[in-house]
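Because only heavy atoms are used, hydrogens play no part in the values below, and waters and symmetry mates are left out as well, while side chains stay in.
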Number of protein chains: 2
Amino acid sequence: MKIRKEYTCPLEIVHDILRGKWKTVILWQLKYRGKASLSQLEQDINGISQKMLLEQLRELREFGIVDKINFEGYPLRVEYFLTEDKGEKILTALEIMQEVGRQYIKELQKNK
Amino acid sequence: MKIRKEYTCPLEIVHDILRGKWKTVILWQLKYRGKASLSQLEQDINGISQKMLLEQLRELREFGIVDKINFEGYPLRVEYFLTEDKGEKILTALEIMQEVGRQYIKELQKNK
DNA sequence: CGGTATCCTTCGCGATACTG
DNA sequence: CAGTATCGCGAAGGATACCG
């Protein structure tokens with residue numbers, strides 16, 4: 001993820017954060033799971049590799065959109081979840097985009 | 001812009017469309033302009049090249065998010081604008097992201 | 001003014017192997 | 001189970017020149 005030195009608009013920051021292929025899907029999954037372990041997310045998200053998943057989760061945590069808890073002991077266990085302020089808020093934006101997506105698909109089928 | 005053959009979720013389609021560096025900024029500008037010519041957008045959007053601008057506008061039109069009118073005669077004149085259904089709707093999502101961006105900046109300054 | 005074509009660089013991301 | 005490191009390819013995007 002490439003972050004610029006200067007931004008003229010707050011929207012661009014958020015957009016640069018979310019631009020990657022996987023971040024929105026990860027957030028979507030976290031919404032429906034509530035809390036999720038790494039392996040749960042890996043199973044739920046079709047085609048993602050562990051490396052990508054961890055990388056994107058780390059970036060999302062850096063920006064306060066996602067947080068996690070580390071549990072002690074073996075086997076290792078973690079819980080990822082959306083933050084209340086930024087995480088949940090961004091989800092409301094994604095829901096709107098989801099709706100537009102549905103509308104788009106609907107129109108495609110009409111035109112068949 | 002890379003569009004996949006199959007999608008499991010309508011959100012991913014919209015996200016793939018908007019993923020590029022410039023599309024959200026273009027949409028944002030179109031909202032405040034209402035209608036805009038190519039050269040107006042080129043001036044308003046810091047750092048964008050004409051090639052990028054045209055490329056992104058074409059893609060946005062393909063997906064029914066933006067539309068344009070060609071006026072006859074010389075000098076050539078066009079008007080780009082958001083579509084009422086998908087265009088305006090996506091803007092409401094971008095406004096939320098904008099808000100999260102403001103919040104993020106605020107927190108950065110607190111922690112200085 | 002609006003739009004197209006070409007070339008070249010950079011970056012996202014997939015594959016794969018390894019660690020506590 | 002959770003996490004890190006490396007490497008190679010293809011897509012995104014910048015610069016530039018040209019056309020109606």
Side-chain angles (χ1 to χ4, degrees), chain A residues 1-7 12 14-27 29-30 33 35-63 66-81, chain B residues 1-7 12-13 15-27 29-30 33 35-63 66-81:
Chain A
M1 180 189 50
K2 182 149 195 204
I3 297 297
R4 305 169 223 183
K5 289 175 192 168
E6 304 234 336
Y7 285 93
E12 291 189 74
V14 177
H15 181 246
D16 270 1
I17 295 167
L18 298 181
R19 267 179 77 185
K21 181 175 179 181
W22 297 110
K23 290 211 181 69
T24 54
V25 198
I26 294 171
L27 294 175
Q29 277 301 324
L30 283 178
R33 279 273 185 190
K35 297 174 177 184
S37 69
L38 191 74
S39 47
Q40 281 174 337
L41 289 172
E42 210 174 338
Q43 285 170 10
D44 289 347
I45 300 173
N46 211 298
I48 197 168
S49 70
Q50 197 188 32
K51 179 212 162 192
M52 274 298 117
L53 185 51
L54 277 158
E55 196 174 298
Q56 305 303 306
L57 281 168
R58 184 174 43 73
E59 292 174 359
L60 286 168
R61 290 209 301 135
E62 281 174 19
F63 289 96
V66 163
D67 203 357
K68 80 163 171 175
I69 300 172
N70 288 296
F71 294 90
E72 312 232 331
Y74 281 86
L76 288 175
R77 199 175 128 236
V78 293
E79 271 182 5
Y80 286 92
F81 52 91
Chain B
M1 180 189 48
K2 184 153 194 199
I3 298 296
R4 306 168 222 184
K5 288 175 194 166
E6 304 234 336
Y7 285 92
E12 292 190 75
I13 305 177
H15 182 246
D16 270 2
I17 295 167
L18 298 181
R19 265 179 77 186
K21 181 175 180 180
W22 297 109
K23 291 210 182 68
T24 54
V25 197
I26 294 171
L27 294 175
Q29 275 301 324
L30 283 178
R33 279 274 185 190
K35 299 174 176 182
S37 70
L38 190 73
S39 46
Q40 281 173 337
L41 289 172
E42 211 175 339
Q43 286 171 9
D44 289 347
I45 300 172
N46 211 297
I48 198 168
S49 70
Q50 198 187 32
K51 179 211 162 192
M52 276 297 119
L53 184 54
L54 277 159
E55 197 173 300
Q56 304 305 307
L57 280 168
R58 182 174 45 73
E59 291 173 1
L60 287 168
R61 290 208 302 135
E62 280 174 20
F63 288 97
V66 163
D67 203 357
K68 79 163 173 178
I69 299 173
N70 288 296
F71 292 91
E72 313 232 330
Y74 282 84
L76 288 176
R77 197 174 128 236
V78 294
E79 272 181 4
Y80 286 94
F81 53 90

Visitor: State, yes or no, whether a side-chain contact exists between B:Arg19 and B:Lys2 at a heavy-atom distance under 4.5 Å.
Guide: no

Visitor: Measure from CD1 on B:Ile69 to C1' on C:dG2 and round the result to the nearest Å.
Guide: 16 Å

Visitor: Starting at OG of A:Ser39, measure out to CD of A:Glu42 and round the result to the nearest 0.5 Å.
Guide: 7.0 Å

Visitor: Quick one: do the B:Tyr7 and B:Asp16 side chains pair a donor with an acceptor below 3.5 Å?
Guide: yes

Visitor: On DNA chain C, nearest-nucleotide positions of B:Lys68 versus A:Arg19: which is more 5'?
Guide: B:Lys68

Visitor: What nucleotide, of C:dG3, C:dC1, D:dG13, holds the atom closest to the side chain of B:Ser39?
Guide: C:dC1

Visitor: Would you mind classifying the nucleic acid contact of A:Ser49 as base, sugar-phosphate or nothing, using non-hydrogen atoms under 4.0 angstrom?
Guide: nothing

Visitor: When you measure from the side-chain N and O atoms of A:Trp22 to the phosphate of C:dG14, is any distance below 4.0 Å, counting only OP1 and OP2?
Guide: yes

Visitor: Could you tell me whether a side-chain N or O of A:His15 sits under 3.5 Å from a main-chain N or O of B:Leu18, the two making a donor and an acceptor?
Guide: yes

Visitor: Rounded to the Å, how far apart are B:Gln56 CD and D:dG13 P?
Guide: 6 Å

Visitor: Atom CD1 of A:Ile48 and atom C1' of C:dC13: how far apart are they, to the nearest Å?
Guide: 10 Å

Visitor: Tell me whether B:Lys23 contacts the main-chain N or O of B:Ile17 through its side chain, where contact means a donor paired with an acceptor under 3.5 Å.
Guide: yes

Visitor: Using OP1 and OP2 only, check whether a side-chain N or O of A:Ser37 sits under 4.0 Å from D:dC1.
Guide: no

Visitor: Give the rounded distance in Å between these two atoms: CD of A:Glu42 and P of D:dG3.
Guide: 11 Å

Visitor: What contact category does B:Tyr80 fall into here, base, sugar-phosphate, or nothing, at under 4.0 angstrom with non-hydrogen atoms?
Guide: sugar-phosphate

Visitor: Any base atoms under 4.0 Å from B:Glu55, or only sugar-phosphate, or nothing? Heavy atoms, all strands.
Guide: nothing

Visitor: OH of B:Tyr74 versus P of D:dC19: gap in Å, rounded?
Guide: 15 Å

Visitor: Rounded to the nearest angstrom, tell me the gap between atom NZ in A:Lys2 and atom C1' in C:dT9.
Guide: 11 Å

Visitor: Can you check the B:Arg58 CZ to D:dA12 P distance for me, whole Å?
Guide: 12 Å

Visitor: Atom CZ of B:Arg77 to atom P of C:dG3: distance rounded to whole Å?
Guide: 13 Å

Visitor: Do B:Lys51 and D:dG14 have a side chain to base donor-acceptor pair shorter than 3.5 Å?
Guide: yes

Visitor: Nearest nucleotide by nearest heavy atom, which residue falls closer to the 5' end of DNA chain C, A:Gln50 or A:Gly47?
Guide: A:Gly47

Visitor: Given D:dC1, C:dG14, C:dG3, which nucleotide is nearest the side-chain atoms of A:Lys21?
Guide: C:dG14

